[in-house]
Amino acid sequence: MSGNVSTSHDEYVELVLRLVERIPWGRATTYGDIAEAVRAVTGSGGPRQVGRVMALHGSAVPWWRVVRADGRLPAGHEDEARQQHLAEATPMVDAERIDLARAGWDPGATLLNRP
DNA sequence: ACCTTGACCTTGG
DNA sequence: CCCAAGGCCAAGG
């Protein structure tokens with residue numbers, strides 16, 4: 001049964017969380033990149049959906065490593081995120097934005113390479 | 001079925 | 001660099 005395009009709510013959530021868990025220490029990726037990677041498998045969802053997953057289930061994973069396209073920290077959680085990045089010495093442009101050129105991590109193939 | 005909301009993105013001024 | 005507008009996708013009222 002190849003071509004399983006049907007996207008159960010739970011499957012989408014799981015794929016997103018699995019990816020976020022794989023973001024290495026001191027690095028970060030964007031909502032958009034995660035959305036793109038997951039969409040390649042489920043065929044649905046966008047950056048906002050990833051944001052929703054994080055809002056509802058993010059507490060279980062390193063959510064602070066998921067940032068906006070311009071490197072700004074997750075809206076409404078900037079303080080906590082900044083603390084974490086300070087602790088793991090993530091390359092920053094300033095106090096508000098991650099340096100994605102240096103700290104950026106592409107989820108891409110990671111999804112296919114599941115354990 | 002319509003409207004609003006949201007841990008978003010891109011483009012243009 | 002800052003701001004506004006339009007696009008986007010799904011959930012909830």
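Labels below follow one simple rule: chain letters A, B, ... track the order of the sequence lines, proteins then strands, and each chain is numbered from 1.
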*Do any side-chain nitrogens or oxygens of A:Arg52 fall under 4.0 Å of OP1 or OP2 in C:dA11?*
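For C:dA11, neither OP1 nor OP2 has a side-chain N or O of A:Arg52 closer than 4.0 Å.
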*Give a yes or no on whether a donor-acceptor pair under 3.5 Å exists between the nucleobase atoms of B:dC8, that is its base, and the side chain of A:Arg48.*
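Checked by distance alone, the answer is yes.
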Looking at every strand, decide which applies to [X] at a 4.0 Å heavy-atom threshold: base, sugar-phosphate, or nothing.
| X | value |
| --- | --- |
| A:Pro74 | base |
| A:Ala69 | sugar-phosphate |
| A:Gly76 | nothing |
| A:Arg39 | sugar-phosphate |

*Could you give the distance separating C:dG7 and B:dA7 at their P atoms, to the nearest angstrom?*
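Looking at atom P only, B:dA7 and C:dG7 are 22 Å apart.
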_Span that lies between the C1' atom of B:dA1 and that of C:dG13, in whole angstrom_ =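 Rounded to whole Å, the distance is 13 Å.
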*Got a salt bridge between A:Glu96 and A:Arg82, using NZ or NE/NH1/NH2 to carboxylate O under 4.0 Å?*
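Here A:Glu96 pairs with A:Arg82 in a salt bridge, since their nearest N and O are under 4.0 Å apart.
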_Tell me whether A:Arg72 is salt-bridged to A:Glu78, with the criterion being a basic N under 4.0 Å from an acidic carboxylate O._
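Salt bridge: no.
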*Would you kindly give the OH-to-C1' distance between A:Tyr31 and C:dG7, to the nearest whole Å?*
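Going from OH in A:Tyr31 over to C1' in C:dG7 covers 19 Å.
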_Value rounded to 0.5 Å, distance of CD1 in A:Ile34 from CD in A:Gln49_ =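 One gets 13.0 Å once the value is rounded to the nearest 0.5 Å.
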*Under a 4.5 Å cut-off applied to non-hydrogen side-chain atoms, are A:Trp25 and A:Arg65 in contact?*
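In contact.
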